[in-house]
Number of protein chains: 2
Amino acid sequence: MSAKRTSLKDIAQEAGVSTALVSYVLNGKEKESRVGPEIATKIRAIAIALNYQPNHVAKSLRSGKTQTIGLIIADISNPFFANIARIVEDEAKRNGYTVIIGSSDENADKSRDLLNVLINRQVDGFIIVSAEDSAQQVQLLKEKNIPFVLLDRYFPDMQTDFVSTDHYRAAYDGASHLITNGYRRIGMIAYKSAMFHMQERIRGYQDALKDGGLPFQKGYLKKIRFTHIEQEAKVAIDELTKTDKPVDALIFATYGLAINGLIYLNEQKLNVPDDVAIVSFGQAEAFDLYYCPITYLKQPIDLLGQTSVSLLVKKLKESPDEPAQILMNAELVARNSSKPKRIHQH
Amino acid sequence: MSAKRTSLKDIAQEAGVSTALVSYVLNGKEKESRVGPEIATKIRAIAIALNYQPNHVAKSLRSGKTQTIGLIIADISNPFFANIARIVEDEAKRNGYTVIIGSSDENADKSRDLLNVLINRQVDGFIIVSAEDSAQQVQLLKEKNIPFVLLDRYFPDMQTDFVSTDHYRAAYDGASHLITNGYRRIGMIAYKSAMFHMQERIRGYQDALKDGGLPFQKGYLKKIRFTHIEQEAKVAIDELTKTDKPVDALIFATYGLAINGLIYLNEQKLNVPDDVAIVSFGQAEAFDLYYCPITYLKQPIDLLGQTSVSLLVKKLKESPDEPAQILMNAELVARNSSKPKRIHQH
DNA sequence: ATAGTCAGCTTAATCGTTTAAGCAAAGAAG
DNA sequence: CTTCTTTGCTTAAACGATTAAGCTGACTAT
């Protein structure tokens with residue numbers, strides 16, 4: 001049996017004083033509370049001798065604050081989110097907070113469950129990468145006055161704090177880059193989703209084409225279901241490549257789409273970039289390791305994570321009334337997968 | 001301002017009874033506590049009407065149980081751990097537990113900090129992928145009678161619960177596979193580490209060579225520092241390949257080593273598997289996406305994660321005295337990176 | 001001498017639950 | 001008509017911390 005943890009009471013007993021005094025001393029409130037210097041020293045010594053560690057649960061009950069942040073993401077096993085999670089974890093720790101991570105699988109029901117569980121656990125606030133159809137949940141948080149910051153995705157018609165990449169501009173940059181490098185039949189594979197960030201990526205792609213003098217071809221934009229990536233990605237790529245006017249470049253709107261797509265391109269012996277140039281969202285070792293390193297839109301993950309935490313922490317401390325809305329730019333990292341097109345036969 | 005959460009007291013007041021009764025009813029203890037059926041029904045109705053959500057913090061304080069598991073891993077942004085984390089998260093949730101994840105960066109000090117923070121947060125138990133030099137910390141947990149299960153790595157001379165891959169056998173299988181496929185100069189790049197799992201991987205490699213009739217060459221085993229992977233991996237590969245007796249196959253003892261190594265092999269225009277065949281530990285999309293899909297030792301991640309959780313949960317409930325020690329086998333997934341050697345000139 | 005001030009403590013309420021113990025009324029048993 | 005049992009509830013302590021309010025004795029000022 002492990003000896004019971006030492007509590008304020010134990011220290012108080014040992015020092016022959018009340019717990020109140022001990023609490024004052026150990027919280028550095030000796031001045032305001034007029035604690036005698038000798039007894040203060042004695043209390044501190046005993047606390048160290050007994051290896052006192054404050055009971056966080058008791059503190060939380062009393063204060064109503066758990067010093068805990070809930071982080072809701074789509075899936076921790078996706079490298080983008082795993083990286084975000086790591087940054088958030090570190091930054092939160094620096095601020096004295098602990099993080100509880102939950103994966104929503106882009107699913108509104110799971111997301112709701114997670115929020116409820118974490119609300120019952122009395123997390124002080126949330127950082128949320130919102131899932132499809134979760135606008136109402138976010139609205140509810142707002143109404144309940146539960147502090148939160150949206151990360152990476154936001155709802156344009158809702159007044160909330162958020163930290164996000166400028167998805168429109170990222171996609172626009174990606175497509176423009178392909179145009180600059182000589183590609184003319186540029187396709188995009190995206191998710192079938194009403195979420196704003198996905199819409200923005202699509203809009204960016206379309207606008208870049210337009211501004212580049214390329215007519216937008218409906219058939220070059222494929223929207224596939226998140227729940228059926230593997231099958232539908234293949235179909236989409238077949239439809240984009242096995243026609244008389246095949247695409248010469250392809251933008252993957254997410255990391256997951258890219259992985260599935262690239263594997264299928266390999267299977268089909270389609271060469272990157274000679275048959276199809278590639279630009280992708282997301283980022284992971286897989287892109288470096290591909291035989292032809294993949295050009296990608298590098299989101300400022302560190303900054304996104306850090307900013308979201310510091311914003312939330314600030315909100316928890318000061319509860320400012322003006323929501324902070326921060327957009328950051330993705331950086332296009334040009335690699336061989338989108339190098340200037342050369343004319344070739346094969 | 002959000003209306004205050006409803007507490008037992010609120011329900012009690014509304015129903016005109018004491019909080020004790022409400023507690024009994026809402027915890028399904030009406031029978032044992034002889035609560036009248038009408039009042040029970042009434043209490044339940046009011047609880048629903050007021051949307052009562054129990055305060056988890058208060059419960060925890062009273063019961064001494066937080067229904068929380070601490071998961072200590074090396075780094076959540078490493079896909080192996082991210083996958084583990086996801087499994088653990090899901091499995092824990094099924095058992096009514098919440099998970100707090102902490103990244104130790106394979107660093108004993110950080111690991112100690114994390115443990116302390118989480119102990120103060122009163123987690124009920126730990127699942128730990130132990131870091132270098134953390135044996136003493138684990139010993140301390142044992143002495144303090146804090147329940148934990150070691151995951152993926154364990155200490156052979158310490159009696160603890162653990163769930164791990166049989167690293168020896170995995171490495172043995174990997175090396176044997178290369179021998180079977182005709183490779184004769186098989187190198188290994190491992191971490192310079194005293195950790196048992198790494199020693200076992202090295203031992204498995206050596207024994208397989210011996211049993212395959214190949215003399216173990218000291219120069220073919222490279223140990224590099226975790227803190228300097230990038231530089232030292234390059235040096236190691238140079239030393240293994242740029243000699244008169246270059247290796248014809250290479251085993252990477254971890255995912256991180258493989259990523260760095262493969263990128264460098266690319267840079268050096270060394271072809272897989274014609275110049276060097278590859279077998280690696282770890283697992284991730286990157287291996288599928290490589291121009292020559294990488295043969296890897298697939299650890300039973302799902303089973304590892306699930307078993308560690310159920311073991312811990314069992315321990316928390318029943319505290320059995322016999323530690324459970326479970327070894328699982330990795331599966332060799334053979335791909336082109338280690339296909340039967342063909343004699344060639346280039 | 002007497003009130004007032006202040007240093008240095010203690011008391012006790014509080015956060016929201018759980019639960020052992022107790023109490024009162026009604027019914028059963030003798 | 002007692003006594004015992006059972007039913008249906010309440011009381012209050014406890015978990016470990018925080019903190020407003022109060023108390024005591026010493027010192028100061030008048």
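Quick note on labels: first sequence line is chain A, next is B, and so on, each numbered from 1.
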To the nearest Å, give me how far apart [atom1] ([X]) and [atom2] ([N]) are.
| X | N | atom1 | atom2 | answer |
| --- | --- | --- | --- | --- |
| B:K31 | D:dC9 | NZ | P | 13 Å |
| B:L61 | C:dT19 | CG | P | 13 Å |
| B:K59 | C:dG16 | NZ | P | 14 Å |
| A:E32 | D:dT19 | CD | C1' | 12 Å |
| A:D10 | D:dC15 | CG | P | 10 Å |
| A:Q122 | C:dG16 | CD | P | 9 Å |
| B:I11 | C:dT17 | CD1 | C1' | 12 Å |
| B:L26 | C:dT17 | CG | P | 9 Å |

Holding to side chain to side chain contact (heavy atoms under 4.5 Å, CB included), I want the full list of residues that pass it with [X], two or more places apart in sequence or in another chain.
| X | result |
| --- | --- |
| A:T41 | none |
| B:S7 | B:K9, B:D10 |
| B:D124 | B:K65, B:T66, B:Q67, B:Y97, B:L316 |

Using a strict heavy-atom distance below 4.0 Å, which residues from residues 113-120 of chain A are in contact with DNA chain D?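 Listed by number, there are none.
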Please list, in numerical order, the residues of residues 50-58 of chain A that have a heavy atom closer than 4.0 Å to any atom of DNA chain D.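 Per residue number, the list reads A:Y52, A:P54, A:N55, A:A58.
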Taken in chain and number order and not counting sequence neighbours, the residues that satisfy salt bridge (charged side-chain N to carboxylate O under 4.0 Å, His left out) with B:D109 are B:R112
Could you pull out all residues at least two apart from A:K110 that satisfy salt bridge (charged side-chain N to carboxylate O under 4.0 Å, His left out)? A:D105
Tell me, please, which residues at least two apart from B:R34 pass side chain to side chain donor-acceptor pair (under 3.5 Å).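 With neighbours one apart ignored, the set is empty.
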I'd like to check the side chain to side chain donor-acceptor pair (under 3.5 Å) partners of B:T165; sequence neighbours left out, ordered by chain and number.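 Scan of B:T165 (side chain to side chain donor-acceptor pair (under 3.5 Å), adjacent residues dropped) gives B:Q299.
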Which donor-acceptor pairs under 3.5 Å do the side chains of residues 44-53 of chain B make with protein atoms, sequence neighbours left out?
unit_1	atom_1	unit_2	atom_2	d
B:R44	NH1	B:E30	OE2	2.7
B:R44	NH2	B:E30	OE2	3.2
B:Q53	NE2	A:N120	OD1	3.4

Check every strand shown and say whether A:S23 touches a base, only sugar-phosphate, or nothing at a heavy-atom separation below 4.0 Å. base
Tell me which pairs pass ring pair (Phe, Tyr, Trp, His ring centres under 6.0 Å) where either residue lies in residues 122-155 of chain B, with sequence neighbours left out.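 For residues 122-155 of chain B, and leaving out neighbouring residues, the ring pair (Phe, Tyr, Trp, His ring centres under 6.0 Å) pairs sorted by first residue read B:Y154-B:F162, B:Y154-B:F196.
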So if I define the base as every atom that isn't primed, P, OP1 or OP2, how would nucleotides 6-12 of chain C read as a B/S/- string at a heavy-atom cutoff under 4.0 Å? -BBBBB-
CD1-CG distance between B:I73 and B:D152, expressed to the nearest 0.5 angstrom: 11.5 Å
Is it true that A:D90 and A:R86 make a salt bridge, defined as a side-chain N closer than 4.0 Å to a carboxylate O?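 Here A:D90 pairs with A:R86 in a salt bridge, since their nearest N and O are under 4.0 Å apart.
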If the cut-off is 4.0 Å, is A:K29 near the phosphate of D:dT19, judged by side-chain N/O to OP1 or OP2? yes
